[in-house]
Structure formats: structure tokens, C-alpha cells
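Following: one structure in C-alpha cells, then a few remarks.
Reckoned from all heavy atoms, side chains included, excluding hydrogens, waters and symmetry mates. No experiment lies behind these values; they were computed from the predicted model shown.
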Amino acid sequence: MPFFARFERENWKTMSNTEGLEAAADAIGKAGDLALACHVGPDGDALGSMLGLGIAAQNAGKTVRASFGSPFVMPPNLGFLPSDLLVPPGDFPAAPDLMVVLDAGSPDRLGELAANASKAATVVVLDHHITNEGFGTISVVDATAAATGELVFDLLGLLDWPITPDVANCLHTALVTDTGRFLYSNTTQRTLQIAAVLVGAGASPTQIGSHVYERSPFGYLKVAAAALSRAELDVDARFVSTIVTQADLTAAGIDWGDIDNLIDTLRLAEEADVATLAKVQADGRVRVSMRSRGDTDVGSLAAAMGGGGHRLASGFTAEGDAAVVIRQIREAIEEYR
Ligand code: AMP
Ligand code: MN
Ligand code: MN
């Protein structure tokens with residue numbers, strides 16, 4: 001089946017996630033070389049699940065290369081993750097025998113590595129986005145998993161590959177970040193059971209917390225102050241929003257990766273169910289992050305705008321004026337409540 005062809009819904013239903021995971025373990029266990037990729041602008045789950053799998057595979061004797069699409073910049077707050085396996089997208093195998101795609105709901109989330117995936121002999125997809133329509137040769141999509149890291153944990157169990165302290169720290173980072181430190185509604189008993197095993201295997205919650213949540217460059221405070229002072233609240237629509245531009249970042253000497261947690265402050269506004277942060281890139285494209293307290297399905301809203309994500313956390317990229325994009329979202333949210 002061609003890589004970009006969506007699974008027939010009928011076929012899709014014939015492979016359970018358990019069968020999918022077994023097929024994935026079989027393919028990965030037999031491979032000599034592994035090419036791993038996660039979504040562009042990687043977060044803790046994308047990098048943590050990818051590097052956790054990669055290090056475990058390397059320990060099992062595989063040759064591993066891991067990457068993500070441009071811009072190939074390690075997010076500063078994830079710089080503590082062991083990144084020896086990372087190669088720039090230009091050094092990624094053009095036509096891998098086996099490519100594993102992690103935490104990406106569609107091929108376009110791979111940036112330029114989508115081309116490598118389209119030439120790979122086998123593509124294994126491990127993901128938990130509800131908006132994932134099914135792509136790849138072996139697709140394991142479990143929207144009940146809090147993080148792709150949970151799927152990697154199960155995969156390592158099937159492969160009988162040891163969870164070393166490095167692997168544990170990567171996977172724990174995946175769980176911590178995608179669950180908002182185990183507080184979001186995606187956190188399950190199983191998430192916490194896996195976390196307990198990972199901490200027992202050497203993951204360091206203190207190290208992860210101190211890097212991911214407890215530090216930012218001073219310039220972040222300036223950008224956050226500017227963005228929050230411009231925030232607008234529509235009480236009737238229960239909608240709060242603001243815009244950050246490349247010029248804001250340049251003035252403060254920081255990068256996009258430094259403001260990943262800004263949406264968490266914006267969404268504190270208790271009058272709002274939906275918080276929207278519009279990030280205007282240097283090229284003028286607008287990257288939008290959305291969060292809901294629970295009454296709005298922002299995953300479906302983002303999917304309708306050409307993006308994706310989860311019911312309560314999602315995003316998309318748009319062309320055009322940020323204020324117009326924000327108005328379109330505000331006018332659409334009623335449909336998703
Ligand atoms: P973020 O706001 O970047 O933290 O993203 C929140 C959620 O939405 C994550 O699960 C992302 O994977 C997903 N997401 C963000 N941007 C996009 C996009 N352009 N297309 C699809 N999913 C996205
Ligand atoms: Mn992610
Ligand atoms: Mn994720």
C-alpha cells in the first residue's frame with residue numbers, strides 16, 4: 001500500500017493496537033538499521049519517545065539514526081536529553097529500510113522527512129493523536145495513551161529490551177510533558193504505573209522538572225509580559241487569545257522553543273474555556289496553539305483548520321493575518337461545544 005494512502009476504514013479495524021504493536025515489535029526486532037523521526041518543533045513526548053526507543057535499540061545492537069524536520073534546533077528546555085543519536089534531517093537515510101515515526105498524526109508533521117518516509121520500505125507509526133487518520137505500513141494509534149512514550153514503553157516490553165536509566169529518563173520526560181506533570185485528564189492509572197516503573201529504572205523527576213518547568217532565559221519574562229499585556233478576553237465566547245511575533249522574540253533575544261509554556265499562563269484566565277496563542281513566524285506563517293478547559297473540542301477545530309492534536313490541546317499552521325485567524329477561531333468555537 002502506498003505510504004500516503006489512508007487506511008481503508010475496514011482494514012484499519014482489522015488491526016487492533018495490540019496486533020499493531022506486535023507487528024511493530026516484530027519489524028523493529030528484525031531490523032539492523034533503524035531510522036527514527038518525530039514531528040517538527042518537537043516537544044518532550046516527540047523527543048523523549050524517539051530517543052528512548054533509539055537508545056534502547058542501540059543498546060540492543062541496532063544502528064540508529066534519529067531526526068526531525070527543519071528547523072533542526074533542539075528545544076533549549078530539553079537539552080538535557082541524551083541526543084547522541086540525533087542527525088540533521090539532511091543526513092537522514094533517503095530511503096530507509098525501516099522508518100519509525102513517533103508522535104506525528106500525519107506525514108506533513110514530519111516536514112522534509114515526509115519525503116524519506118514516502119521512500120521507506122516499511123514505515124511504523126507510533127502515535128496517540130485522536131486526529132491521526134492512519135498512515136504508514138504498520139500504524140499503532142492509541143488515543144487513550146497519554147503520550148507516545150507509553151506506546152514505546154509497551155513496545156520495549158514486547159521486545160524484551162532493557163530500560164536503562166537513560167531510556168527511563170527519556171520516556172519519563174515524554175509522560176511528564178504530555179500530561180502536564182500528571183495533571184491533565186489524559187493521565188490514567190496506567191500512566192502512573194508506567195511512570196513508577198520508569199522512576200524505579202532510574203528516571204529523574206527532579207532533573208526533568210528543573211529543566212522543563214523551572215527555568216527560562218530572562219528574555220522569556222519580557223516576551224510573556226508583552227504577550228499577556230496584549231491578551232484579549234471575549235467573555236461571551238469564553239475565549240482568551242494573544243499574539244507573539246518574531247519581533248517580540250528578537251527584541252528579547254530568545255527563540256520559539258523558549259515560549260513553549262506561555263500558553264499555560266494564558267489559559268489561566270478562568271473566564272475562558274478556550275485559550276489561543278498565535279505565533280507569527282519570521283516567514284509570516286501563523287502557528288496556532290489551542291487549549292480547552294473541557295467544553296470545547298479544540299482537536300476537531302484544529303483538524304478543520306488543517307492541523308490536529310487532542311480534544312483539549314491542539315494546533316495548526318495558517319497563512320495570513322494573525323488577528324484574522326484568531327477571529328475565525330472565535331467564530332468557529334461554538335460549533336465545537
Ligand atoms: P502545541 O500547542 O504546539 O503544544 O500542540 C498541542 C497539540 O497539538 C500537540 O499534540 C501537537 O502535536 C498538536 N499540534 C500542534 N500543531 C499542530 C499542527 N500544525 N498539525 C497537527 N497537530 C498539531
Ligand atoms: Mn508532541
Ligand atoms: Mn504526544
Would Leu21 and Asp142 count as a side-chain contact (heavy atoms from CB on, under 4.5 Å) here? Give the steps.
CA-CA 10 Å; Leu21 211 56; Asp142 182 356; over 6 Å; no
Hey, are the side chains of Leu159 and Leu155 touching, using non-hydrogen atoms and a 4.5 Å cut-off?
yes
Taken to the nearest 0.5 Å, the spacing of Gln246 CD from Leu249 CG works out to 5.5 Å
Kindly compute the distance separating CG (Asn186) from OG1 (Thr191), expressed to the nearest 0.5 Å.
6.5 Å
Are Ile326 and Phe239 close enough, and set up right, to give a side-chain contact (heavy atoms from CB on, under 4.5 Å), and what steps lead you there?
CA-CA 10 Å; Ile326 285 178; Phe239 180 72; 3.7 Å; yes
Side-chain atoms of residues 86-100: list all donor-acceptor pairs with protein atoms under 3.5 Å, sequence neighbours left out, distances to 0.1 Å.
none

Is a side-chain N or O of Arg293 found less than 3.5 angstrom from the main chain of Leu268, in a donor-acceptor match?
yes
When rounded to the nearest 0.5 angstrom, what distance separates CD1 in Ile163 from CZ in Phe153?
4.5 Å
Go through the structure and list residues passing salt bridge (Lys or Arg N to Asp or Glu O under 4.0 Å) with Arg181, not counting sequence neighbours.
none
Short side-chain to backbone donor-acceptor contact, Asn169 and Ser204, under 3.5 Å
yes
Heavy-atom closest pair, residues Gly149 and Ala174:
CA-CB, 4.0 Å
Are the side chains of Thr63 and Leu34 in contact, using a 4.5 Å heavy-atom criterion?
no
Could you go through the side-chain contact (heavy atoms from CB on, under 4.5 Å) check for Ile259 and Val223 one step at a time?
CA-CA 8 Å; Ile259 68 157; Val223 170; 4.2 Å; yes
Val199 and Pro205: which non-hydrogen atoms are nearest, and at how many Å?
CG2-CG, 3.9 Å
When you measure from the side chain of Lys279 to the backbone of Thr245, do you find a donor-acceptor pair of N or O atoms at a distance under 3.5 Å?
no
Heavy-atom check, side chain of Asp258 versus side chain of Pro76, under 4.5 Å:
yes
Does Arg238 pair with Glu271 as a salt bridge, N-O distance under 4.0 Å?
no
Residues at least two apart in sequence or cross-chain that pass ring pair (Phe, Tyr, Trp, His ring centres under 6.0 Å) with Phe72, listed by chain then number, are Phe68
Examine Tyr336 and Val288 and state if one hydrophobic cluster contains both, with Ile, Leu, Val, Met, Phe, Trp and Tyr joined whenever side-chain heavy atoms are less than 4.5 Å apart.
yes
State, yes or no, whether a side-chain contact exists between Leu156 and Leu53 at a heavy-atom distance under 4.5 Å.
yes
Looking only at the aromatic ring of each residue, does the gap between the centers of Phe182 and His172 stay below 6.0 angstrom?
yes
Against Leu301, only a single residue in Val274, Ile329, Thr276 fulfils side-chain contact (heavy atoms from CB on, under 4.5 Å); can you say which?
Ile329
Just wondering, do Val101 and Val124 contact through their side chains at under 4.5 Å, heavy atoms?
no
Heavy-atom count check: over 12 atoms from other residues, nucleotides or ligands less than 6.0 Å from Ile130 CD1?
no
Run the salt bridge (charged side-chain N to carboxylate O under 4.0 Å, His left out) test on Arg190 and Glu150 for me, step by step, so that the C-alpha distance in whole Å, both residues' side-chain angles and the decisive distance to 0.1 Å come before the verdict.
CA-CA 9 Å; Arg190 172 137 178 83; Glu150 285 193 18; 5.0 Å; no
Give a yes or no answer on whether the side chain of Asp234 reaches the backbone of Ala237 with a donor-acceptor pair at less than 3.5 Å.
yes
Any side-chain heavy-atom pair of Leu262 and Tyr220 under 4.5 Å:
yes
For the backbone of Ser210 and the side chain of Arg215, can you confirm whether one donor and one acceptor N or O come within less than 3.5 Å of each other?
yes
For the student: nearest non-hydrogen atoms of Ala24 and Val140, plus distance
CB-CG2, 4.4 Å
Same cluster or not: are Val73 and Leu85 linked, directly or through other Ile, Leu, Val, Met, Phe, Trp or Tyr residues, by side-chain heavy atoms under 4.5 angstrom apart?
no
A side-chain contact here means heavy atoms from C-beta on lying under 4.5 Å apart; do Leu266 and Thr242 qualify?
yes
Identify the two heavy atoms, one from Ile138 and one from Ala23, that lie closest to each other, and give their separation to 0.1 Å.
CD1-O, 3.7 Å
For the residue pair Leu113 and Ala37, what are the closest heavy atoms and their distance?
CD1-CB, 3.9 Å
Are the side chains of Leu110 and Val40 in touch, meaning some heavy atoms are under 4.5 Å apart?
no
Within the distance-only criterion (no hydrogens, no angle test), does the side chain of Thr148 pair as donor or acceptor with the backbone N or O of Ser49 below 3.5 angstrom?
no
Return yes if a side-chain donor-acceptor contact under 3.5 Å exists between His39 and Asp103, otherwise no.
yes
Would you kindly confirm whether Leu47 and Trp256 end up in one hydrophobic cluster when ILVMFWY residues are joined by side chain heavy atoms under 4.5 Å apart?
no
Do you know the tightest heavy-atom contact between Lys62 and Ala31?
NZ-O, 2.7 Å
Donor-acceptor contact present, side-chain Glu19 to main-chain Ser16, <3.5 Å
yes
Heavy-atom donor-acceptor pair, Asp297 side chain to Ser300 backbone, under 3.5 Å:
yes
Following the transitive rule for hydrophobic clusters with a side-chain heavy-atom cut-off under 4.5 Å over Ile, Leu, Val, Met, Phe, Trp and Tyr, establish whether Val240 and Met290 coincide in one cluster.
no
Out of curiosity, Asp166 CG to Asn59 CG, how far, rounded to the nearest 0.5 Å?
8.0 Å
So, the side chain of Thr296 versus the backbone of Ser292: is there a donor-acceptor pair under 3.5 Å, distance only?
no
Apply the test side-chain contact (heavy atoms from CB on, under 4.5 Å) to residues Val280 and Val244: give CA-CA distance (whole Å), side-chain angles for both, the deciding distance (0.1 Å), then the verdict.
CA-CA 6 Å; Val280 185; Val244 177; over 6 Å; no
Might you confirm whether atom CD of Glu232 has over 12 heavy atoms from other residues, nucleotides or ligands at distances under 6.0 Å?
no
Could you measure the distance from the CG atom of Asp154 to the CD1 atom of Ile194? Nearest 0.5 Å is fine.
5.5 Å
Are Leu78 and Ile254 connected into the same hydrophobic cluster when the rule is that any two of I, L, V, M, F, W, Y join if their side-chain heavy atoms are below 4.5 Å apart?
no
The test is side-chain hydrogen bond (donor to acceptor under 3.5 Å, both in side chains); show your working for Asp45 and His128 and say whether it passes.
CA-CA 10 Å; Asp45 186 30; His128 68 131; 3.2 Å; yes
Closer than 3.5 angstrom, by distance alone: can the side chain of Ser139 be matched with the main-chain N or O of Val125 as a donor-acceptor pair?
no
Using a strict cut-off of less than 4.0 Å between a Lys/Arg side-chain nitrogen and an Asp/Glu carboxylate oxygen, indicate whether Asp248 and Arg230 qualify as a salt bridge.
yes
Between Glu112 and Ser70, does a side-chain hydrogen bond (donor to acceptor under 3.5 Å, both in side chains) hold up when you go through it step by step?
CA-CA 7 Å; Glu112 68 257 51; Ser70 304; 2.6 Å; yes
When you compare the side chains of Glu133 and Ser106, does any donor N or O come within less than 3.5 Å of an acceptor on the partner?
no
Distance check, rounded to the nearest 0.5 Å: Asp273 atom CG versus Ile333 atom CD1?
8.0 Å
